[in-house]
Amino acid sequence: MTNEAIPNLTAFDEAALDRAFASLEAQARADAPALEAELFRLKWLGRKQGLLNDVSGQWLKAAPPEAKKAVGQRFKVLKELVDGLLEGASGAGPTDAALRAEAIDITLPGTRRLTGAEHPIVRTMNEIVSVFSALGYSVGVGPEVETDYYNFESMNFPPGHPARDTQDTLVVASQERRASRDRLLLRTHTSPVQMRTMEQQPPPVRIVIPGKVHRNDAADATHSPIFHQVEGLCVDRNITFSDLKGTLDHAMKALFGSAVKTRFFPSFFPFTEPSADVQISCIFCGGKGCRKCKQSGWIELLGCGMVDPAVFAFAAEKQPAYDPKKISGFAFGMGVERIAMMKYGISEIGSFFAGDMRFLNQFV
Ligand code: DAH
């Protein structure tokens with residue numbers, strides 16, 4: 001192939017050089033997409049007739065000593081441009097050297113990306129919720145920063161009532177100018193969502209409410225200032241304590257296995273009357289008595305009771321259908337950490353919140 005020759009250079013000042021090289025650059029840019037890669041290579045880089053060979057042979061050689069550097073620099077830039085164009089030229093693909101630099105060893109193991117997994121607390125919470133979903137319960141949530149009214153007053157804890165002291169409450173600071181029922185606190189239980197639910201919808205209601213709660217408790221093996229509960233509420237005509245017992249007995253068997261027995265012990269909560277603590281037969285010893293159940297054969301797991309008429313009276317302020325003469329209901333509340341600790345044999349509640357992957361990986 002014979003190349004069109006490069007023009008002769010007569011002037012070697014900067015401006016003349018710029019013009020001469022710019023025209024070659026433009027030519028190279030126009031050739032790259034127009035010529036086949038091998039033709040482009042021959043035309044520009046061919047050992048004998050390549051244009052770059054001509055440039056170094058004619059322009060560089062002809063340059064007076066003081067202009068050689070300026071020509072050399074421009075030549076280098078032009079050469080890099082031509083090399084780059086050749087690499088990117090259609091069909092040419094990268095050079096061998098470029099390929100080698102980028103080569104990957106496909107026999108090496110790939111980068112393993114960790115897939116997320118449910119935290120054991122979330123998993124347990126979902127499991128509890130699904131037991132009740134299967135019974136036709138809906139699922140609700142409520143705010144973690146709650147008013148005194150919902151957390152306490154509407155749950156039948158009157159102001160100054162000693163039962164408030166059993167729930168060491170974390171309150172939001174600087175609210176002295178607010179009416180006491182409007183003061184904000186971190187909810188100490190999920191029970192306030194009972195009231196929020198009843199205000200939103202008339203009976204019948206069947207709902208479970210999973211969520212995070214806070215208490216000013218010192219942390220130890222079984223206490224954490226942040227923990228989780230699942231609340232339950234069922235309101236309709238003719239709901240009785242038998243319904244409560246049957247529902248919770250079924251739920252405990254679904255969670256811990258069908259061999260588990262339940263029993264109901266009298267207790268007190270301001271928002272239920274009567275109130276009960278639910279115990280299940282010890283899942284570790286089957287009820288014979290062991291260290292975990294303090295030799296009693298029973299483990300206390302949750303609180304429950306029939307909704308107190310005083311609670312319905314608060315709900316009736318917004319939804320008159322909550323007339324305790326016409327409807328009745330039961331409620332329950334359980335601690336998720338406690339249930340998860342039993343199900344998975346965990347002895348330190350803090351393990352859930354420490355973020356230690358050696359612990360968490362066991363639940364993947
Ligand atoms: N709110 C109670 C607590 O945090 C748990 C509880 C007991 C909830 C009895 C209920 C209930 O709905 O009926 O200790």
Is it true that [Y] and [X] share a donor-acceptor pair across their side chains at a distance under 3.5 Å?
{"X": "Q279", "Y": "R263", "value": "yes"}
{"X": "H214", "Y": "E144", "value": "no"}
{"X": "Q49", "Y": "N53", "value": "no"}
{"X": "E231", "Y": "Q194", "value": "yes"}
{"X": "T188", "Y": "N151", "value": "yes"}

request  = Decide yes or no on side-chain contact (heavy atoms from CB on, under 4.5 Å) for R338 and I299, but give the supporting numbers first.
outcome  = CA-CA 11 Å; R338 191 164 156 68; I299 289 181; 3.4 Å; yes
message = Out of the candidates T262, L301, V278, I280, only one should pair with L248 under the side chain to side chain contact (heavy atoms under 4.5 Å, CB included) rule; please name it.
response = V278
E337 and H228: CA distance, side-chain angles, deciding distance, side-chain hydrogen bond (donor to acceptor under 3.5 Å, both in side chains) verdict = CA-CA 7 Å; E337 280 76 2; H228 299 78; 2.6 Å; yes
Exercise: identify the closest heavy-atom pair between [X] and [Y]:
{"X": "T222", "Y": "D220", "value": "N-OD1, 2.9 Å"}
{"X": "A259", "Y": "S281", "value": "O-OG, 4.3 Å"}
{"X": "L86", "Y": "A37", "value": "CD1-O, 3.6 Å"}

request  = Applying side chain to side chain contact (heavy atoms under 4.5 Å, CB included), name anything that partners R206, two or more places apart in sequence or on another chain.
outcome  =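 In terms of side chain to side chain contact (heavy atoms under 4.5 Å, CB included), with neighbours along the sequence ignored, R206 is linked to Y137, P204, C234, D236, I239.
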Qualifying residues under side chain to side chain contact (heavy atoms under 4.5 Å, CB included), relative to H119, sequence neighbours excluded = I121, V122, F352, L360
Is the shortest heavy-atom distance from the side chain of [X] to the side chain of [Y] under 4.5 Å?
{"X": "M125", "Y": "V230", "result": "yes"}
{"X": "D83", "Y": "E87", "result": "no"}
{"X": "F132", "Y": "V139", "result": "no"}
{"X": "M198", "Y": "V311", "result": "yes"}
{"X": "T190", "Y": "V213", "result": "yes"}
{"X": "F12", "Y": "L9", "result": "yes"}

request  = Would you check, one step at a time, whether the test salt bridge (Lys or Arg N to Asp or Glu O under 4.0 Å) holds for E36 with K43?
outcome  = CA-CA 10 Å; E36 241 181 38; K43 173 172 176 182; over 6 Å; no
task = Take the angle between the ring planes of F157 and H161 and call it parallel below 30°, perpendicular above 60°, tilted in between.
result = perpendicular
task = Decide yes or no on side-chain contact (heavy atoms from CB on, under 4.5 Å) for V82 and L45, but give the supporting numbers first.
result = CA-CA 8 Å; V82 169; L45 299 171; 3.8 Å; yes
task = Evaluate the criterion salt bridge (Lys or Arg N to Asp or Glu O under 4.0 Å) for residue pair R358 and D356; output intermediate values, then yes/no.
result = CA-CA 5 Å; R358 290 168 301 179; D356 186 335; 2.7 Å; yes
task = Would you please test E118 and R123 for salt bridge (Lys or Arg N to Asp or Glu O under 4.0 Å) and show each step?
result = CA-CA 6 Å; E118 273 178 337; R123 181 154 132 189; 5.3 Å; no
ask   = Is T147 reaching over with its side chain to a backbone N or O of Y150, donor-acceptor style, under 3.5 angstrom?
value = yes
key: Within one Ile-Leu-Val-Met-Phe-Trp-Tyr cluster: M195 and I209, side-chain cutoff 4.5 Å   = yes
request  = Evaluate the criterion salt bridge (Lys or Arg N to Asp or Glu O under 4.0 Å) for residue pair D18 and R74; output intermediate values, then yes/no.
outcome  = CA-CA 8 Å; D18 281 343; R74 286 166 177 76; 2.8 Å; yes
